[in-house]
Amino acid sequence: MIIERLSREHRNIETLLAILERELEIFDRGDRPDYEVIRAVISYFELYPEMYHHPLEELVFARLKRRDPAAAAKVGNLTSEHQKGAERLRRVAQAVDYVLADRDMLRQNVDNIVRDFIESERHHIMMEDRDFLPAALKALQPQDWAEIASASTDHVDPLFSDAAEETFDALRARILQLEQEAEAGRH
């Protein structure tokens with residue numbers, strides 16, 4: 001079911017946020033985090049949520065607006081929230097690039113940018129899990145779900161293919177492996 005898929009993806013995102021947060025803690029101590037892990041997490045966020053997860057949520061949200069405008073109003077402007085998240089991610093990527101290029105940027109500024117992204121993403125997911133997904137489950141009819149599923153699978157974006165799922169599964173596994181190797185190397 002679509003809601004289960006979105007919820008599972010939220011848990012995957014939370015795992016990556018926790019990894020990013022651990023790397024930030026290493027950076028905050030003045031040590032060198034694993035930038036390969038950080039870049040892999042950034043790459044994941046640049047691709048998967050933007051090209052796959054958010055468009056599916058927005059299909060569901062469009063149906064919710066039609067079925068229960070009051071519930072949709074409580075959720076707010078999902079598209080705007082997703083755009084703000086993408087902008088925060090661009091700032092994270094830029095801050096990491098600055099650090100890696102030895103450009104002048106205060107450590108505290110890097111911390112603030114990355115922490116803002118992590119906290120904002122967590123808040124956004126919490127809102128979706130608490131307000132958006134339950135409202136969609138309550139308001140949408142079987143026909144809505146069928147049409148959403150049809151629209152999402154017929155999408156021409158190659159990220160909706162089985163091969164793309166395998167690619168993202170491999171990327172997730174690689175990120176987790178890199179994080180485990182980085183942790184083992186620190187001890």
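Under the 3.5 Å distance criterion, with hydrogens and angles disregarded, a donor-acceptor pair is assigned to the side chains of Glu50 and His54. Defined by atom type and a distance below 3.5 Å, a donor-acceptor pair is missing between the side-chain atoms of Asn77 and Glu81. Judged by distance alone, the side chains of Glu181 and Gln177 do bring a donor and an acceptor atom under 3.5 Å apart. Of the N and O atoms on the side chains of His124 and Glu128, at least one donor lies less than 3.5 Å from an acceptor on the other residue. Side chain to side chain, His53 and Glu58 fail the donor-acceptor criterion of an N or O pair below 3.5 Å. Side-chain contact annotation: Tyr44 with Arg39, donor-acceptor N/O pair under 3.5 Å absent.
Two residues are said to be in side-chain contact when any heavy atoms from C-beta on lie closer than 4.5 Å; Tyr35 and Val99 meet this criterion. Residues Arg88 and Val92 have side chains not in contact (no heavy-atom distance under 4.5 Å, counting atoms from C-beta outward).
Note that the CG atom of Leu47 and the CD1 atom of Ile42 stand 12.0 Å from one another [nearest 0.5 Å]. Atom-to-atom distance recorded for Ile19:CD1 and Glu23:CD is 8.5 Å, nearest 0.5 angstrom. Note that CG of Leu140 and CD1 of Ile2 are 9.0 Å apart. Values are rounded to the nearest 0.5 Å. Between the OG1 atom of Thr15 and the NE2 atom of His10 there is a distance of 12.5 Å, given to the nearest 0.5 Å. Annotation: the span from His123 atom NE2 to Glu119 atom CD amounts to 10.5 Å, rounded to 0.5 Å. If you take CD1 on Ile125 and CG on Leu6, they are separated by 11.0 Å, rounding to the nearest 0.5 Å.
Val41 and Ile26 are assigned to two separate hydrophobic clusters, defined by single-linkage of ILVMFWY side chains at heavy-atom distances under 4.5 Å. Cluster annotation: Met126 is not connected to Val60 through the hydrophobic network of ILVMFWY side chains, with a link wherever side-chain heavy atoms come within less than 4.5 Å. Residues Leu89 and Ile118 share a single hydrophobic cluster, defined by chaining ILVMFWY side chains whose heavy atoms lie under 4.5 Å apart. At a threshold of 4.5 Å between side-chain heavy atoms, the hydrophobic network of Ile, Leu, Val, Met, Phe, Trp and Tyr places Leu133 and Met1 in one connected group. Cluster annotation: Phe117 and Met105 are assigned to the same hydrophobic cluster (Ile/Leu/Val/Met/Phe/Trp/Tyr, side-chain heavy-atom contacts under 4.5 Å, transitive).
In this structure, the side chain of Ser152 engages the main chain of Ile148 through a donor-acceptor pair within 3.5 Å. No donor-acceptor distance shorter than 3.5 angstrom exists from the side chain of Asp31 to the backbone of Phe27, with no hydrogens or angles considered.
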Legend entry - Trace of the side chain to side chain donor-acceptor pair (under 3.5 Å) decision for Glu147 with Gln143: CA-CA 6 Å; Glu147 290 173 8; Gln143 176 185 351; 2.8 Å; yes
Inset, instruction - Applying side-chain contact (heavy atoms from CB on, under 4.5 Å), run through Ile3 and Trp145 and close with a yes or a no. - result: CA-CA 10 Å; Ile3 294 290; Trp145 294 115; 3.4 Å; yes
Inset, instruction - Output, in order, the C-alpha distance, side-chain angles, deciding distance and verdict of side-chain contact (heavy atoms from CB on, under 4.5 Å) for Asp129 and Arg11. - result: CA-CA 11 Å; Asp129 288 345; Arg11 301 301 69 83; 2.7 Å; yes
Inset, instruction - In sequence, state the C-alpha distance, the side-chain angles, and the governing distance for Ile13 and Phe45, and then conclude on side-chain contact (heavy atoms from CB on, under 4.5 Å). - result: CA-CA 8 Å; Ile13 289 168; Phe45 277 103; 3.6 Å; yes
Legend entry - Evaluation steps, salt bridge (charged side-chain N to carboxylate O under 4.0 Å, His left out), between Glu87 and Arg91: CA-CA 6 Å; Glu87 180 54 39; Arg91 286 194 299 268; 3.7 Å; yes
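Under a 4.0 Å N-O distance rule, the pair Arg122/Glu21 qualifies as a salt bridge. Between Arg22 and Asp34, no side-chain nitrogen of the basic residue sits less than 4.0 Å from a carboxylate oxygen of the acidic one, so the salt-bridge criterion is not met. In summary, Arg5 and Glu9 do not engage in a salt bridge, as defined by a charged side-chain N under 4.0 Å from a carboxylate O. Here Arg107 does not pair with Asp28 in a salt bridge; the nearest charged N to carboxylate O distance is not below 4.0 Å. Using a 4.0 Å cut-off between charged nitrogen and carboxylate oxygen, Glu46 and Arg90 do not count as a salt-bridge pair.
Scanning both residues, Val114 and Leu24, for their nearest heavy atoms gives CG1-CD2, 3.9 Å. Here the closest heavy-atom approach between residue Glu121 and residue Gly85 is recorded as OE2-CA, 3.8 Å. Across every non-hydrogen atom of Ala135 and Leu64, the tightest pair is O-CD1, 3.7 Å.
A cation-pi arrangement is present between Arg103 and Tyr98 under the rule of less than 6.0 angstrom and at most 45 degrees off the ring axis.
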